[in-house]
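Working notes for the structure below.
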Amino acid sequence: MPFTLATWNINSIRLREGQVARLLQEQAPDVICLQECKSPVDKIPTETFAELGYRHMIARGDKGYNGVAILSRLPIKEVGAQDFAALGHARHIAGELENGVVIHNFYVPAGGDVPDREVNEKFGQKLDYLTEMRDWFHSDRPEKSILVGDLNIAPREDDVWSHKQLLKVVSHTPIEVEHLAETQDAGGWVDITRQDIPEGQLYSWWSYRARDWDAADKGRRLDHIWATTDIANAGHSSRILRDVRGWERPSDHAPVFASFDL
DNA sequence: ATGGTAGATCGTCTA
């Protein structure tokens, strides 16, 4: 069964309900994973999505912060929601499709501004979150699984506009990249986006603070689609919908897509 | 070195 998957940090699902609907209508993914919904689950506008055929939703929410949701045209059963680093935040949910494929949707902590856990507690929490992800996948190695989300790390030199200028900027520091690589290795995860698009600059996020984000193009690839090795070769057609970042009152993240023939 | 913008919520935190 071929299916198409999207991941998008929406930065308020209630404010951008119409943009989610537009993306679903224009691109028709079978499953979309959203992060930063910034809404209690019971205030997510599910009726709008159901009318478009997305009748299944699993979600976790905090009031005003965080929040992850999976909208699906296919039946999906929740199979867990981890609270790594004991933050008490809605940053993970996992669901299983009827074909047995498990989908993990993550919103990894951003980590604050200073890349030093001695002076910035949030940076330590980010590293701890990744370490606990690693240990979890190591103790229970995933199979037939897809992991997506805003991982808040751009691992490769060509995942940022300037490797040299971002080496000390949270999201691209060597220690974060190392932690992410360990998490990836522990689960046997393959980076599907880079499997499909191995060369060249690739970004999924551009700061709101730029005067002209498109012209400056100081982006980072913070949003990822991974799959376990047993299904990685079924992945194809990866793309990042940069145009969506140019919609009116946009999220600062563009949606990332991949398709799988399973 | 600093400040720039956005969202939830309504002073301030988070990104």
Side-chain angles (χ1 to χ4, degrees), chain A residues 7-23 33-45 48 59-69 83-92 105-117 119-130 148-155 159-162 164-173 176-177 179-180 203-224 242-256:
Chain A
T7 180
W8 193 13
N9 178 318
I10 188 62
N11 190 15
S12 175
I13 196 170
R14 282 182 280 169
L15 187 67
R16 273 180 266 281
E17 171 186 355
Q19 294 195 30
V20 174
R22 178 178 169 187
L23 186 75
C33 298
L34 302 169
Q35 304 86 36
E36 276 207 273
C37 299
K38 293 185 171 178
S39 173
V41 172
D42 61 8
K43 292 192 173 165
I44 294 175
T48 295
R60 282 286 191 278
D62 295 323
K63 186 182 173 187
Y65 299 100
N66 313 314
V68 285
D83 179 26
F84 295 123
L87 299 173
H89 295 173
R91 294 181 177 276
H92 170 255
N105 181 14
F106 276 100
Y107 175 48
V108 171
D113 284 334
V114 182
D116 178 352
R117 69 188 307 154
V119 298
N120 170 23
E121 182 186 34
K122 288 189 170 57
F123 192 72
Q125 290 171 344
K126 181 180 195 174
L127 298 180
D128 292 345
Y129 193 95
L130 291 159
V148 309
D150 177 3
L151 305 185
N152 266 312
I153 296 173
D159 289 336
V160 294
W161 64 275
S162 169
K164 197 174 174 184
Q165 286 180 257
L166 289 174
L167 273 170
K168 292 180 179 175
V169 174
V170 173
S171 74
H172 191 62
T173 63
E176 289 171 90
V177 172
H179 275 65
L180 189 68
Y203 314 139
S204 65
W205 173 88
W206 294 261
S207 172
Y208 281 126
R209 298 176 188 176
R211 282 195 190 87
D212 184 342
W213 72 272
D214 195 30
D217 200 22
K218 292 184 173 180
R220 306 176 200 171
R221 187 172 71 102
L222 304 180
D223 303 276
H224 300 267
R242 180 184 175 117
D243 288 355
V244 174
R245 179 64 176 79
W247 288 0
E248 196 173 337
R249 291 199 82 184
S251 167
D252 45 354
H253 294 254
V256 182

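Naming convention: chains lettered A, B, ... in sequence-line order (proteins, then strands); numbering from 1 in each chain.
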Rounded distance (Å) that lies between atom C1' of B/dA8 and atom CG of A/N11 = 10 Å
What is the distance, rounded to the nearest whole Å, between atom NZ of A/K126 and atom P of B/dA15?
-> 10 Å
Between B/dT14 (C1') and A/F123 (CZ): distance, integer Å = 17 Å
Which pairs count as salt bridge (charged side-chain N to carboxylate O under 4.0 Å, His left out) when at least one residue sits in residues 243-254 of chain A, sequence neighbours excluded?
-> none
Given B/dA8, B/dA15, B/dC13, the nucleotide with the shortest approach to the side chain of A/K122 = B/dA15
Any side-chain heavy atom of A/E176 sitting closer than 4.5 Å to one from A/V170?
-> yes
Describe the nucleic acid contact of A/R91 in one word from base, sugar-phosphate, nothing, applying a heavy-atom distance below 4.0 Å.
-> sugar-phosphate
Kindly say if A/R16 contacts the phosphate of B/dG7, meaning a side-chain N or O under 4.0 Å from OP1 or OP2.
-> yes
Integer-rounded Å distance: B/dT12 C1' and A/K38 NZ = 13 Å
Residue met sooner reading DNA chain B from 5', once A/R14 and A/A110 are mapped to nucleotides | A/R14
In residues 210-222 of chain A, which ones come under 4.0 Å of DNA chain B, going by heavy atoms?
-> none
Separation between the C1' atoms of B/dA15 and B/dG3, rounded to whole Å = 15 Å
Provide the distance between the two C1' atoms, one in B/dC10 and one in B/dA6, to the nearest whole Å.
-> 16 Å
Got a sec, which residues hit ring-ring contact (aromatic ring centres under 6.0 Å, His included) with A/Y65, two or more places apart in sequence or on another chain?
-> none
Take atom CG of A/D252 and atom C1' of B/dT14, then tell me their distance rounded to the nearest Å.
-> 12 Å
Between B/dA8 (C1') and A/I44 (CD1): distance, integer Å | 15 Å
Do side-chain atoms of A/D62 reach the backbone of A/H89 as a donor and acceptor pair under 3.5 angstrom?
-> no
Give the nucleotide from the list B/dA15, B/dA8, B/dA6 with an atom nearest to the side chain of A/R209.
-> B/dA15
Rounded off to whole Å, could you give me the CD-to-P distance for the A/E17 and B/dA8 pair?
-> 13 Å
Taking for each residue the nucleotide of DNA chain B with the nearest heavy atom, is it A/Y208 or A/I13 whose nucleotide lies nearer the 5' end?
-> A/Y208
Using only heavy-atom distances, determine whether the side chains of A/N11 and A/Y208 contain a donor-acceptor pair under 3.5 Å.
-> yes
A/R60/A/D83 ion pair, N-O < 4.0 Å | no
A/D113 has an atom CG; how far is it from atom C1' of B/dG4, in whole Å?
-> 12 Å
Fit a plane to each ring of A/Y129 and A/F84, take the angle between them on a 0 to 90° scale, and name the class: parallel (under 30°), tilted (30 to 60°) or perpendicular (over 60°).
-> perpendicular
